[in-house]
There are 6 protein chains.
Amino acid sequence: MVSTDALMAALPRLQAMAGGIIVIKYGGSLLAGTCLEEALLGNIAWLRAAGLKPIVAHGGGPAINEALRRFDREPQFVRGLRVTDEETLDIAEMVLSGRINKTIVGRLQAFGAPAIGLSGRDGRLIVAEKKWSDGVDLGRVGTVSHVNAALLASLLDQGLIPVVSPVCADATGGALNVNADEVAVAVARTLKASRLLLLTNVPGVLADVSDPDSRIASLTPDEAEAAIADGRITGGMIPKIRSAVESVRQGVGEIRILDGRVPHILLSALMLDIDTGTRIHWNDK
Amino acid sequence: MVSTDALMAALPRLQAMAGGIIVIKYGGSLLAGTCLEEALLGNIAWLRAAGLKPIVAHGGGPAINEALRRFDREPQFVRGLRVTDEETLDIAEMVLSGRINKTIVGRLQAFGAPAIGLSGRDGRLIVAEKKWSDGVDLGRVGTVSHVNAALLASLLDQGLIPVVSPVCADATGGALNVNADEVAVAVARTLKASRLLLLTNVPGVLADVSDPDSRIASLTPDEAEAAIADGRITGGMIPKIRSAVESVRQGVGEIRILDGRVPHILLSALMLDIDTGTRIHWNDK
Amino acid sequence: MVSTDALMAALPRLQAMAGGIIVIKYGGSLLAGTCLEEALLGNIAWLRAAGLKPIVAHGGGPAINEALRRFDREPQFVRGLRVTDEETLDIAEMVLSGRINKTIVGRLQAFGAPAIGLSGRDGRLIVAEKKWSDGVDLGRVGTVSHVNAALLASLLDQGLIPVVSPVCADATGGALNVNADEVAVAVARTLKASRLLLLTNVPGVLADVSDPDSRIASLTPDEAEAAIADGRITGGMIPKIRSAVESVRQGVGEIRILDGRVPHILLSALMLDIDTGTRIHWNDK
Amino acid sequence: MVSTDALMAALPRLQAMAGGIIVIKYGGSLLAGTCLEEALLGNIAWLRAAGLKPIVAHGGGPAINEALRRFDREPQFVRGLRVTDEETLDIAEMVLSGRINKTIVGRLQAFGAPAIGLSGRDGRLIVAEKKWSDGVDLGRVGTVSHVNAALLASLLDQGLIPVVSPVCADATGGALNVNADEVAVAVARTLKASRLLLLTNVPGVLADVSDPDSRIASLTPDEAEAAIADGRITGGMIPKIRSAVESVRQGVGEIRILDGRVPHILLSALMLDIDTGTRIHWNDK
Amino acid sequence: MVSTDALMAALPRLQAMAGGIIVIKYGGSLLAGTCLEEALLGNIAWLRAAGLKPIVAHGGGPAINEALRRFDREPQFVRGLRVTDEETLDIAEMVLSGRINKTIVGRLQAFGAPAIGLSGRDGRLIVAEKKWSDGVDLGRVGTVSHVNAALLASLLDQGLIPVVSPVCADATGGALNVNADEVAVAVARTLKASRLLLLTNVPGVLADVSDPDSRIASLTPDEAEAAIADGRITGGMIPKIRSAVESVRQGVGEIRILDGRVPHILLSALMLDIDTGTRIHWNDK
Amino acid sequence: MVSTDALMAALPRLQAMAGGIIVIKYGGSLLAGTCLEEALLGNIAWLRAAGLKPIVAHGGGPAINEALRRFDREPQFVRGLRVTDEETLDIAEMVLSGRINKTIVGRLQAFGAPAIGLSGRDGRLIVAEKKWSDGVDLGRVGTVSHVNAALLASLLDQGLIPVVSPVCADATGGALNVNADEVAVAVARTLKASRLLLLTNVPGVLADVSDPDSRIASLTPDEAEAAIADGRITGGMIPKIRSAVESVRQGVGEIRILDGRVPHILLSALMLDIDTGTRIHWNDK
C-alpha cells in the first residue's frame, strides 16, 4: 500500500473516535523490553499524537513473583487460593507502583508522550473494598467500588496519558490489590470510553480453544449470549465476555480482545481495516 | 512499506506540530473536481481528524474569468494593469465567496470535516486598504491591514475548518479584492501558524526555471538571501521567497512551497519523510 | 414628542427583551439599496448597539431570477411546481450566499455593526433534508432538520450579527435551497428567541385581504385558532399563522408580522408604542 | 423630531461608548423626590437597559445637616473648618449609607434597574486615609487611596448598578467621610470609565460666573490650561478642571459637567446632539 | 489542653464542613462593643480564615428603639401589635442598614476579615412581600419570598463575608422590614448552608424554661416532633424548632441554637467537642 | 491556654498565609510509623483543612539502604563518592516511588486528606539533568532543571496534596535520583510558596554545633551573610543557608528549618507564637 493510502485509511476511524478515550489493558506477561513492547508503546504515543486520549491500565504478575522470591516470601494459600498478606502487598506495591508503572511512564516519554503514573491510591483514583471468595479471606485483595473520574478527566485535559497501577485505595487509607482487567473495565465504564482494548496472549475469543483458526471476529450483545448458550464460549471466557457486554451496555463504544504478541496490534486494530482479535459492540449501523 | 509503519512514520511529525495551525493556500487553477482535488481535500480532513487545525485560503482566477465572460464584461486595463471596477468586483465576489468557497466547504463536509466558509468581509475577518500600483488606480483591489485573530481562534476552538475567500472588508463596509497568497500569509503570520503551505503548479523553487530537476529543497533565511545574491532565485520568485523568510521571522514555523499536481502532496510533505517542494525554515536543530 | 421622551419610551421594552435574541426575516423583494433599506439596516444596527442580539435571515427571489436570465436558464416546472436543478442551485447559491449575503453584511458594517455572513452550509449551521411535494421531485429543495445552536451562540457572544443565507447543508456535503421564512423560524425556535420579526409587503394579517384596514393587531394562540375557524384567516395565511403559534409554544417570546415598506418599522414595532402589523403571543400579563 | 429619529440619533453614541462604564456623580442637593429626580433616575435605568454600565456616586449634604439638627449636634469648627467628630460621622453614615443610598437603590429598582447600594467601607470598596488641612485636624475626614476595582467589575458583570455612598474604609476597620466628587473621580479613573458625569446646579463651566451665557462648551487639556492662564477659569473651578484634565490623562474617555436641574439631562448629553454643559476631553478625531 | 491539641481537635470538624457556608444570626440585643462581641466577631473572622464561608444576618431592636425616641416617634399599636409606618421604617433602615450593618462590617475588617454590608434591598438580595397578621395591617412589615443566591455566591467566591441587614426589597422598589431570624433561615435554606447558628441569650432549648439545667442538647426531626408532642417544647419555641426541622429537611446541614453570652461560643460549638446549646440535625452517622 | 484561645492565636497566621502554598521537606530518617510521624501527618492534613495548600517532598535514605541489602547490592564508591548504577536506581525507585510515597499518601488519606503521590517522572513533574561531581561520574544522579508548575497548580486546585518522590525525569524518558532537599527547594521557588519547611533532626541552625542552646532563631539575608562571614555558620550549613536566602530572593515567603523530632512541630511553628527552629526571611515589617 502507498504510504499516504495507509494514512488516509485511518481517516474514517479517527473521525469515528473523535478525540475519544481509549483504555488499554496491558498485562504483566507482555512486559519484556522487546521490540514488541516498543511497538505497543509507540502505538499508544501515536494515538495521543493523533488527538485521542489513551489511558493505560497495567498488571505485573511475573515481576511480582520474582520480587517475592528475592524477599524469600513463600506464597500462602487457603483452600487452594492465593492469599495476599500485608507484606506480600507491600512487595507487590513496590513492584507495580514503583517499578512497572514508572518503567511504562519512562518508555512512553521516550516516545515523546507525556505519561503520568498513578496507582489507584493516588488522589483516591480507584477506591476498592475488600473482596471475599466464598467466605475465604484472601487478605488485601479488593474489588472496585469507585473511580475518580474528575481527576482522570483533568489529567486528560492537560494532554497527559494516565498509566494506572492496580493497587487501589480502601476506605481508611490502606491499600488493596485489584485485578488489572477489572481496573481497566471500571475506568472505561466510568469515563464511557470510546474503546476498551484488552491485550492478551491469544488471537481473540476462540470457538474451540484448541483451534487457533476458530476465532470469533465480532459479537454483538445478542450474539454473545447465543454463543454462550450454544457452547461456543465456555469456561473462563464466559465472565470476560459478559463483562464486555455489560461495558457496551454502560456506554463503552466497543471492546476489543487483541493479541498482544502481534506487532503494532493497536494501530492495526484501531486504524486500519485489518480483521484481528474479537470485537464486542452494538450492531453496526 | 507496511501500513502501520506509514502511520508510525507520522508520529514525530504529529508531535512536532502538536495540534498547531496549518494554513493552506489552495489556488484557483487547481480547482477541477478531479481525483487530485479529492486527494487534497481528503488530506485536509485528515489533518483535522489527527488533531491539527487547518485553515484554507483560496483564490479562484479561472472561474472568475469564465463568469465575467458570461456577464459580457470586457477586462479593463490601465497602462497594462487589470482594473477591478465595482461590477467586476460584484461578479468576482459571487464566484469567490458564493461558489468556490461553498464548494470547498461542501466537499470537506463530504469527507466528514466540519468546514465553515467565510469571506474576509465576514466579521471583518480580514480588513484591507486600497492598493495603488505606482500611482495607477486599480479600482477595488486591496492589501491586508488587519486579521481578526480572535474570530479565527474561536472557530478553531469549536473544531471548525475555516475556508477563507479573499474578498476583504474595507474601512467603510465595502469590499476589496486581495491576492489569495497575501491572505494566506497574513493569516499564518497573525496566528503564528505551525506551517504555511503554498500549493502551486511547479515542483518548488527552481534554481533554473527551465530545469525541473533544479529544485531547491530547503532554504534557511540566510541561504535564501545568498540564493538571491548569487542569482539562483530570480524575478517573481524573489518577493515570494522574501515574504516566506519574513513569515519565518514573524513566528510561522515553516513555509512549504508544494506542487499541487502531486496526489496526496499534503500528507507526503507533512507526515512522511518524502523530499518534495521547497521548505523555508530556521536552521534545523 | 421630545427626543428624550422617545428614548425613555423604549425603556420598558428594552428591559422586557433584556439582551434577548431578535430574529429578523428580511425578504428578497425588499432589497433595493433604498432609503427604506437604509432605515431597516440602521434599525438592526441600533438593536445590537442597545444590547440586543439580532440575527438576520434573508431570501433573494428577484435577484436570483435576474441572474438566471443572465445565465440563459429557463425555469423548469413539473406539474406546475418550480424545479431547482443542480445548475439553478449553483446560480442561486452565488446570488444568495455570494452577493446578497455579503451586501447585507457590508451595509451593516457601514452602520458600525459587526456583521458576519454565513450560509446554512457553513459549519453545518442549518442542516436540511430533501423535500418532496406530494411525490413530485423538486430537485435541490430542502426542509430544515437541525440548527447548530452552539455556533450561533458563540458568534452572538462575540458581539457579531449573524446574517444567514438560506442555502443549507444536506447530509453528505451537498446544498439544498430552503425557504427563508422557514430558516428564520427554525433559528428563532432553536434559540428560543425573544422576538421573531417577519418583514412582508403587507400591513399585517388582514381579516379581509381586499381591505387594508382590516388588519388584526394581535393574536393569542387561542384567538388564532378561533380566527381560522371563523374564516377571518384563510388560504396561505393559515400555515403562516399556525407556524407562528407553534413558535410561541416552543418558546419564542413573540412573533411580529410587519410591513417592511414602512420606514424604521423595526424600532417602531419593538421600541415605541406604535400599533403596527400583527403580534402573535401569549396572553399579555 | 420623529420618535424613531430620536432613537437613531443615539446610534453613533451607543456605538462610541460600546458597553462602557458611565460614572455619575449625583449630589445631595438634587435629592428631592421630584419629577426632576425621576427623570434622572429613569435616565440611569435607560443607560443600563441599553447595554451601558452606570455607577452612581452620591453625596447628601442637606439631609445630613437636617439629621444633625435632630440629634442636637452643634457643628464644630476649627479655624473656620468644619470638624467631623465620631458622633457626627455616625450620624452622617446613617443618613448617607442607610437612608440616601437605599432610597436611590429603591427608586432605581422602581424603574426596573437592579441597583445595589454599597458604602466605601463594604468589601473595602474605597479605602481612604485621614486628610489633614494644612495641619488642622478635621477629624474623620479622608482622601481616597485605593478603589477595589475587582469588586465593582464583578457587580457590573452581574448586570447590577452600584450606588456608592462616600463613607469609606480606613486601614483599621474605621470609617472616614470623603467628598463625593472625589469618590466619583477615583472610581472613574480606576475603571477607566467611558464617561464621568458630574451633576451640578450650574449650566457648566462659566467664563464669567455672573453670566450664565458664558458657558464654555468644550475643553481639551491644552485649552483648559490656556483658560486657567488667561483667567477665564478661576477660583474653586480651577481644581475641578485640573482634576478633570488629569482624569482624561488617566484614561477616562470624557468628563461632562452638567446641569442637574435640566430634565433628562443625562440622555440629552450622552445620547442626543444637544450642546449642554462642559465637556473635558482629548481633541476630537 | 496543649495548644496544638486544640488545633488538632478542630481537624475532623473542618473536614466535615469542607469549605461550607456558615450562616450566623446575630441579634440586636447582643450588640454592645464588649469583649463578648469582640470574641464573637473574631470567631467569625477565624472561620473565614480557615476556609469556611460565613454569612452574618443581624437585627437591631434596642438601637432602633433608641433612635425612634430621638426622633420623637411614638410606637403605634393596632390590637396590641406594633405597626411600622413609613417614617418608622425610614428610621429603622437608617439604624439597621446605615449604622449597625456598617459597624459590624468595620469591626470584622478590624480583624482582617473582608466583610461587605448589604441590606436585603441591595441587588434585590432578599425580596419580601407584605405580611398581614390575621387581617391586621402592620404597615411596612414583610416575609421573605426570594433570596438572590447568585449574588451571595459571587460575593463568597470573592472571599467576602456578607453582612445582611433585614430591610428587604418589595416588588416595586420599596422597603419592608423582616424579622432577622427569618432572613437567616431563608439565606441558609437557599444556599443549603452547612451550618445555621442562631445566637440567643438563653443556653439553648430548655425542657423547663425555669430550669437552665434542663437544656436539650440534640434533636433529630423525629425527636423534635416527639418533644413537642410530650410537652417538653412549648409556646414560642414550637415555631422556632419547626422552622429548624424544616431547614434540615431542605438541606441545611445542622442548626445550632447557641448562647451568645458565652465568650467564643462559635468556635466552641463548631470546632471543639464542647457540649453547648441545642443541635437540630439528622441522625448522626 | 483555653482551647479557643489556641484557635484564635492562629488567626493572624492563617490570614498572613492566605491560602498559600506550604512546601514541606520530610526526610527519610523521620519515617517510622511512630506517634511523632502521626502528629506530623495530622498537622499536614490540618493545614489543608484550614484552606492552605501543602505539598510534601520526601526522601528515604534508610529504607533504600535496607532494600539494597535485601537485593545483595554492595554500595559502590568512586574516590569516596557513592555511585548510583542502573540497578541501584531501580531498587531506589521501587522504595521511594512505590513504597514510601504510597505509604505517606495512605497515611494522609487516613487523616481524611486527599493526597496524590507522584514521582518527579510523572507528567515530567520534575525534569533533571545528570550531575557530575568534579568530573566523577556518579551514575544516575541528577540536579533539577525544570518544575512542571502547571501540573502542580492543577492538582492543588482540585484540593489534592501532592506527595513528591525525588526520582526525576531525564530528557529521554530515563530516571535520575535527586536530593530531596533540592526537590523541595525547586518546587517552592517555582510556585513562589508562602512557606518552605525543612524538617531535620536538629533544633535549627546552631552557632556552635556542639551547643544545642546556640540556636539562631531568625536570619534575614543580610544577617545570614554576616553570620557566614563571622564564622557562626560554617561547613555544610553554609550551602543550605545560601540556598534558603536565594529562595527568599526568588519569592518564597519564608524558610523554616525545624526539628522534626518535636511533636506537632508544623502547627507550633506555623500557627502558634512558639519560638522554634530557624527562620530565614526578609526583615519583618
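Order of the sequence lines fixes the chain letters, A, B, ..., with proteins taken first and strands second; residue numbering starts at 1 for each chain.
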Looking at A45(C), is its backbone amide N or carbonyl O close enough to the side chain of Q15(D) to form a donor-acceptor pair, meaning the two atoms are under 3.5 Å apart? no
Nearest heavy-atom approach of L11(C) to G42(D) is CD2-O, 3.9 Å
d(L7(C) CG, L266(D) CG) to nearest 0.5 Å is 12.0 Å
When rounded to the nearest 0.5 Å, the distance separating CG of L267(C) from OG of S3(D) is 10.5 Å
Practice task
Show your working on side-chain contact (heavy atoms from CB on, under 4.5 Å) between T4(D) and M271(C) and close with a plain yes or no.
Solution key: CA-CA 9 Å; T4(D) 52; M271(C) 291 294 148; over 6 Å; no
Whatever's closer than 4.5 Å to a heavy atom in chain D on M8(C) counts as both
